[in-house]
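Quick note on labels: first sequence line is chain A, next is B, and so on, each numbered from 1.
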Number of protein chains: 2
Amino acid sequence: MSSPTIKDVARLAGVSISTVSRVMNDSKPVSPEARRKVLDAIKKLDFKPNELARSLVMRRSNLIGVIVKDIAISYMTEMVRGIEEVGRMYNYDILLSSSYGDIELEKKIINFMFTKQVEGIVLISEDAKPEVVYMLQNQTIPYIQLDKFYNFNETYSVTINYKEAAKEMTEFLIGKGHEKILFVKEYKNAIIGQEKLKGYKEVMDAHNYFSREITVDGVTDKEGYKYGEEIWKIIEHEGITAAFFSEDGLAIGFLNYCYDNNKKVPDDISVAGFGDIKISSLYRPRLTTVREPYYDYGAVAVRKIIKKIKDNVEIDSATILPSSIIERETVKDIN
Amino acid sequence: MSSPTIKDVARLAGVSISTVSRVMNDSKPVSPEARRKVLDAIKKLDFKPNELARSLVMRRSNLIGVIVKDIAISYMTEMVRGIEEVGRMYNYDILLSSSYGDIELEKKIINFMFTKQVEGIVLISEDAKPEVVYMLQNQTIPYIQLDKFYNFNETYSVTINYKEAAKEMTEFLIGKGHEKILFVKEYKNAIIGQEKLKGYKEVMDAHNYFSREITVDGVTDKEGYKYGEEIWKIIEHEGITAAFFSEDGLAIGFLNYCYDNNKKVPDDISVAGFGDIKISSLYRPRLTTVREPYYDYGAVAVRKIIKKIKDNVEIDSATILPSSIIERETVKDIN
DNA sequence: TTGAAAGCGCTAACAG
DNA sequence: CTGTTAGCGCTTTCAA
């Protein structure tokens, strides 16, 4: 009934369990004769080693715990993909859990992952709470935080240079002839949002253009839509020609608002986003935006974790990846 | 250095490891005194039981293996969400792997999951190959297949009644005054696509309307776009007023084609989809479509698996969930 | 109510 | 090259 064990294989092959173990792992020389018998027995019994037992004795679970806020958020999915693909290259498997932003649940999940003996953790929670970060810091398993909005510099992470990226986009807009640019910033105290804002401001200042911002309470299309009217008022009132959203979700929501209210993009207003989430290239008009390498965030993160596991060498706390401007259809050249 | 074990707790508490185990699991009466000492020790050492060891002896991993074609496909994500949320309710964790449609990899993953002692498997591969299904059938771990395009009736699954749903949508379109309706079908031999087509045809026949179909080699917006021109020719040539796509992805691609080629939806052509994937309600104009309960597919699937695990009672091979028509903006009332 | 001991399936000295 | 043995960290008889 229950699956065969190494013992069954040994018995059938007429050797000891050590020999079986040795051929399975190629860990020590085994005579061709014995090897053949073992291999035969394995095939005959359709034997599959119990990884749990192996993990127990090896003290290696080959598991990476991934905690996401919500797997349905498309950019998180991209990250998970990166994690999974390179994880598999190194024979690591993914234990996945969603926290839905519930901090107590998140803490429970982390503890739970410890009990499952994960060898590393990547936390994708958008806005990890200090308590949680603290938990992670005060233990020995390597971890990386992949937070799109908040990130604590003391923590291991992989990001782009948000400020530089925002500067580039602002320059891009200016290059297209825009001087009155509105910056729409996510959340109130999102650290990363602040960075983007800084970049925008620096460039505007350098050009002696008047900078104008509005902060929106959220990051999704819902909020972009909700604030549409308010944003539009500013646009009209101040003669804004381009709106630079700190998040694609917000931009898409605003695009929806425009569609529903008969404002033409980019004729009536140019809009730029930040992130290049999946929908941005699918939507019409296609969103011009800053591309963040989500897949690579994940890929690099596991790579760092695995390196730490293998070599136990301290990893640099932050890795900065390149970003780029993706020009599509929502920004008009008004030169 | 390494984390404390049950032995350490026992030593510190001055009791045997059995006693520690008993208080952890409430498995047998323990004197209040001993319990207190154990609890103290646990707290003092910040002891976390090793689930691997426990699983080994209990022969229960509390793991459900989930194999998806690609986690970045949005409806799959929804399913995974359902799996995860109800899984957690029963204390099951998700071991996630993507197959990217590679059948050899898929088989490897399945075997691998067996070695990890998963207690159940849910396979979300869009078009599981017979070989793979065969593997699943010839072993004892419960499994469920969640395939959107192909599904083998002999296999455990949870779906909607595709034919009925397509009938409803066709009736809906007719109710809006459309008589010349084009059905755009995914793939060549997708069984589920056939079902939808049947539903459409039955209704058209019943009304004595001429049915017209085209089969497209794919299911995503890419193909919907690619076939846009061909579809449009048919529309013009045959005076079609509404196009019913067997998949939302296809419909979105076609909507993009229309946008890029200055065809107005729904003024020039009405379009309906099937699935209600995430983008369908975000896109403008919003897509009128058939809603499939993706989250519930996943939720019901695990529930069935867990029931099988717990009660070892045979589960009905297919569960049919309700679907519904979501009326939005892409279908015009031409009555 | 408790502890000793066996064992889950496997790996890794150790001796031969 | 091979078998014996001692665990990995935990649960669970079995006696006491």
Side-chain angles (χ1 to χ4, degrees), chain A residues 1-39 41-42 45-63 91 111-119, chain B residues 1-39 41-42 45-63 91 111-119:
Chain A
M1 195 62 267
S2 78
S3 29
T5 73
I6 195 172
K7 262 188 193 160
D8 302 312
V9 176
R11 194 175 311 123
L12 183 59
V15 298
S16 73
I17 60 168
S18 345
T19 301
V20 177
S21 170
R22 293 198 263 256
V23 349
M24 284 175 45
N25 304 304
D26 259 329
S27 47
K28 286 225 173 173
V30 171
S31 71
E33 159 109 27
R35 157 164 282 115
R36 195 187 43 70
K37 287 193 293 184
V38 169
L39 259 16
I42 288 179
L45 294 174
D46 191 26
F47 166 72
K48 305 204 179 61
N50 182 330
E51 279 294 331
L52 251 40
R54 173 181 269 163
S55 292
L56 182 58
V57 48
M58 305 278 283
R59 294 137 166 284
R60 310 203 46 239
S61 66
N62 274 285
L63 243 35
N91 247 293
N111 267 320
F112 188 67
M113 291 202 161
F114 288 152
T115 73
K116 288 272 187 189
Q117 312 302 115
V118 297
E119 296 182 44
Chain B
M1 194 63 268
S2 78
S3 30
T5 74
I6 194 173
K7 261 187 193 162
D8 302 312
V9 176
R11 193 175 313 124
L12 183 60
V15 300
S16 74
I17 62 169
S18 338
T19 301
V20 176
S21 170
R22 293 198 263 258
V23 349
M24 285 174 43
N25 304 304
D26 259 329
S27 47
K28 285 225 170 171
V30 170
S31 70
E33 159 110 24
R35 157 165 281 115
R36 195 187 42 69
K37 286 193 294 185
V38 169
L39 260 15
I42 288 179
L45 294 175
D46 189 27
F47 166 72
K48 305 201 179 62
N50 182 330
E51 279 293 331
L52 252 38
R54 174 180 270 165
S55 291
L56 182 60
V57 49
M58 305 280 282
R59 292 135 167 285
R60 310 205 44 241
S61 66
N62 273 287
L63 242 35
N91 246 294
N111 267 320
F112 188 68
M113 292 202 160
F114 288 152
T115 72
K116 289 273 187 190
Q117 312 302 116
V118 297
E119 296 182 44

At under 4.0 Å between heavy atoms, what does [X] touch on the DNA or RNA strands: base, sugar-phosphate, or nothing?
X	answer
Val15(A)	sugar-phosphate
Ile17(A)	base
Thr19(B)	sugar-phosphate

Item checked: Nearest-nucleotide comparison on DNA chain C, the residue closer to the 5′ end among Ser16(B) and Met58(B) -> Ser16(B)
Item checked: 5'-most by nearest nucleotide on DNA chain C - Val57(B) or Arg35(B) -> Arg35(B)
When you get a sec, tell me which of [options] is the closest nucleotide to the side chain of [X]?
X	options	value
Thr5(A)	dT2(C), dG9(C), dT1(C)	dG9(C)
Ser31(A)	dG9(C), dT2(D), dT12(D)	dT2(D)
Val30(B)	dT2(C), dC1(D), dT4(D)	dT2(C)

Check: Will you find, in the side chains of Arg54(B) and Asn25(B), an N or O donor that is under 3.5 Å from an N or O acceptor?
Finding: yes
Check: dT11(C) phosphate, OP1 or OP2: any side-chain N/O from Arg54(A) under 4.0 angstrom?
Finding: yes
Note to self: So, OP1 or OP2 of dG9(C): does either fall under 4.0 Å of a side-chain N or O from Lys48(A)?
What the structure shows: no
Note to self: For dA12(C), does the base pair up with any side-chain atom of Ser21(A) as donor and acceptor (N or O, under 3.5 Å, distance only)?
What the structure shows: no
Check: Between the side-chain atoms of Arg22(B) and the base atoms of dG3(C), is any donor-acceptor pair under 3.5 Å?
Finding: yes
Check: Could you state the CG-C1' distance from Leu56(A) to dC8(D), rounded to the nearest angstrom?
Finding: 4 Å
Next item on the list: Could you tell me whether a side-chain N or O of Gln117(A) sits under 3.5 Å from a main-chain N or O of Arg59(A), the two making a donor and an acceptor?
Entry: no
